[in-house]
Amino acid sequence: MSLRFEHETQTQRVRFASGEAASSLAEEVERLGASSVMVIATGAARQLAGRITGGLPVALYHDEVVMHVPIEVAERARAAASEQRIDALVSVGGGSTTGLAKAVALTTGLPIVAVPTTYAGSEATNVWGLTQGARKTTGVDARVLPLAIVYDATLMVSLPVPMSVASGLNALAHCVDSMWAPRADPIDRALAAEGIRALRLGLPEVLADPAGLDGREHALYGSYLAAVAFCSAGSGLHHKICHVLGGGYNLPHAQTHAVVLAYVLAFNAPSVPDAERQIAAAFDADRAITGLQMLREQLDAPRALREYGFDEADIADAVAAILPVVPPDNPTPVTAENLERLLHAAWEGADPR
Ligand code: NAD
């Protein structure tokens, strides 16, 4: 088979060094020539931000962060940035915090330096999301891609183990979906395969030693590769399903991904033998689903959507909402019947094998 593809690489500086966030961040902000920085951070990450932003010209600490970025929260942050004549944004936190920085950048064009504290990976994508009422809208815009990322695994050690597992499986889902998403190419698959390998090594180490840096570093490195692959490949079936479930039924982001992934992998893998072999090899397993399930068991991963607030009675509605957004070239053709079976199995936590 001939090799033929188009691939776009996003321009972004990436600094990866445990224990060096404060100095890396100061250098990145200086490179931007910024003199009035807005630091966005909340909860546990607010303390982390305090530790690493001492050397910056901070004009404003902003801590109103809400998952899925409600539009009114975005507008308050935009107004605060404009009042203080902010010239750069620094986000310290998970996907919700990075998401708020992106919402500000979307309308102001302000540059972002992102310091991630979960494995969500939003810092490496040009995708933004905003919610109005129960409706979540996402879009792609070059202005929201952080100009620089500062990765420091010491900032991850406070992330509780169950959230680390769910967030790490969210990253793994970026890798797996990148194997067959609409724009997937061989570069995305190579990045995704290395991402799977790093996450499958790192996450069990995080579980065994949550305060140790080896596991945290592997998982963080894997989550970056996952996001780069996902950004290029686009949303496949898995992300379309999770987007509808998260937005429409208010399910927690990372846990929803962690559950649904196994069912989408079992559904698609038989139709894509090359990707199935690549995923299996990255897991060091004979089959892709066996590798994923072994890891999920090792991690005591989130098991069933019913444990996260999804109601069996909503399955039919969810099927109707997902069907129109299923990528037309999904490897296994999707019907109302097989999608209903997939969601039912994910709802009850049935064995995906
Ligand atoms: P989150 O950012 O809401 O964080 C989850 C919880 O972990 C929060 O309570 C937070 O305070 C806490 N936390 C974060 N870092 C911590 C740390 N180091 N120590 C202790 N506690 C910590 O959740 P998330 O899963 O990272 O992000 C989810 C959001 O990101 C969703 O809105 C999702 O749509 C978005 N997202 C966007 C993209 C994209 O490309 N645009 C990619 C992935 C996720």
Side-chain angles (χ1 to χ4, degrees), residues 10 12 21 40-52 63-71 73-74 91-103 105-106 112 114-131 136-141 143-146 149 151-175 177-178 181 206 210-211 213 216 219-220 223-224 226-235 238-240 242-248 250-258 302 308:
Q10 307 291 326
Q12 201 174 37
I40 306 177
T42 194
R46 176 73 182 78
Q47 268 105 55
L48 299 174
R51 257 173 39 202
I52 62 173
D63 68 357
E64 193 200 11
V65 174
V66 180
M67 195 182 276
H68 304 314
V69 199
I71 184 80
V73 171
S91 60
V92 183
S96 301
T97 305
T98 316
L100 180 61
K102 287 176 161 183
L106 183 65
I112 306 174
V115 187
T117 65
T118 70
Y119 306 113
S122 175
E123 67 280 359
T125 81
N126 53 9
V127 180
W128 55 266
L130 282 167
T131 0
K136 185 169 176 183
T137 312
T138 58
V140 171
D141 195 302
R143 283 175 299 182
V144 309
L145 181 78
I149 311 175
Y151 285 113
D152 179 342
T154 65
L155 305 178
M156 310 297 301
V157 300
S158 57
L159 190 67
V161 165
M163 183 62 204
S164 300
V165 166
S167 188
L169 290 171
N170 181 191
L172 197 67
H174 292 326
C175 297
D177 223 23
S178 295
V206 168
L213 290 186
R216 296 285 184 183
L220 202 51
S223 73
Y224 167 72
V228 175
F230 166 63
C231 178
S232 166
S235 287
H238 171 86
H239 280 81
K240 295 296 184 187
C242 291
H243 181 85
V244 168
L245 295 180
N250 201 24
L251 305 189
H253 178 83
Q255 291 80 354
T256 304
H257 279 265
Y308 296 96

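Each ligand, and each atom within it, is numbered from 1 in the order the structure gives.
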Inset, instruction - Under 4.0 Å from a heavy atom of Thr117: give me the atoms of ligand 1 that qualify, with their elements. - result: 14 (C), 15 (N), 16 (C), 17 (C), 18 (N)
Inset, instruction - Please report the shortest heavy-atom distance between Ser167 and Ala120, naming the atom on each side. - result: OG-N, 3.6 Å
Inset, instruction - Would you verify that at least one protein heavy atom lies under 4.0 Å from atom 10 (C) of ligand 1, or report that none does? - result: no
Inset, instruction - Look at the rings of His68 and His253 and say which category their plane angle falls in: under 30° parallel, 30 to 60° tilted, over 60° perpendicular. - result: perpendicular
Inset, instruction - Please identify which atoms of ligand 1 are closer than 4.0 Å to at least one heavy atom of Gly94. - result: 2 (O), 26 (O)
Inset, instruction - Identify which of Thr118, Asn126, Thr98, Val127 has a heavy atom lying nearest to atom 26 (O) of ligand 1. - result: Thr118
Legend entry - For atom 17 (C) of ligand 1, the protein heavy atom that lies nearest, with its residue and separation: Ser158 OG, 3.5 Å
Legend entry - Identity and distance of the protein heavy atom lying nearest atom 43 (C) of ligand 1: Ala120 O, 3.2 Å
Legend entry - Check: Lys136 N/O within less than 3.5 Å of ligand 1 N/O: yes
Inset, instruction - Would you kindly specify which portion of Arg46 sits under 4.0 Å from ligand 1, judged on non-hydrogen atoms: side chain, backbone, both or neither? - result: neither
Legend entry - Closest approach of any protein heavy atom to atom 38 (C) of ligand 1, naming residue and atom: Ser122 CB, 3.4 Å
Inset, instruction - Please round to the nearest 0.5 Å and tell me the distance separating atom CE of Met156 and atom OH of Tyr119. - result: 4.0 Å
Inset, instruction - Could you find the nearest protein heavy atom to atom 1 (P) of ligand 1 and give me its residue, atom name and distance? - result: Ser96 OG, 3.4 Å
Legend entry - atom 32 (O) of ligand 1: nearest protein contact (heavy atom, Å): His68 ND1, 2.9 Å
Inset, instruction - State which residues pass side chain to side chain donor-acceptor pair (under 3.5 Å) with Thr125; sequence neighbours excluded, sorted by chain then number. - result: Lys102
Inset, instruction - Provide the closest heavy-atom pair for Val65 versus Thr42 in the form atom of the first, atom of the second, distance. - result: CB-CG2, 3.6 Å
Inset, instruction - Measure Thr125 to ligand 1 on non-hydrogen atoms and call it side chain, backbone, both or neither using the 4.0 Å cut-off. - result: side chain
Inset, instruction - Consider ligand 1: state whether an atom of it lies below 4.0 angstrom from any non-hydrogen atom of Leu48. - result: yes
Inset, instruction - Provide, to 0.1 Å, the distance between atom 24 (P) of ligand 1 and the closest protein heavy atom, together with that atom's residue and name. - result: Gly95 N, 3.6 Å
Inset, instruction - Hey, could you give me the CG/CG distance between Leu100 and Leu130, rounded to the nearest 0.5 Å? - result: 9.5 Å
Inset, instruction - Starting from atom 16 (C) of ligand 1, locate the nearest protein heavy atom and write down its residue, its atom name and how far away it is, to 0.1 Å. - result: Leu159 CD1, 3.4 Å
Inset, instruction - Tell me which protein heavy atom sits closest to atom 25 (O) of ligand 1, plus the residue, atom name and distance to 0.1 Å. - result: Met163 CE, 3.7 Å
Legend entry - With Asp177, the side chain to side chain donor-acceptor pair (under 3.5 Å) member among His238, Lys240, His239: His239
Inset, instruction - Taking only heavy atoms of Leu155 into account, list the atoms of ligand 1 that are under 4.0 Å away from them. - result: 18 (N)
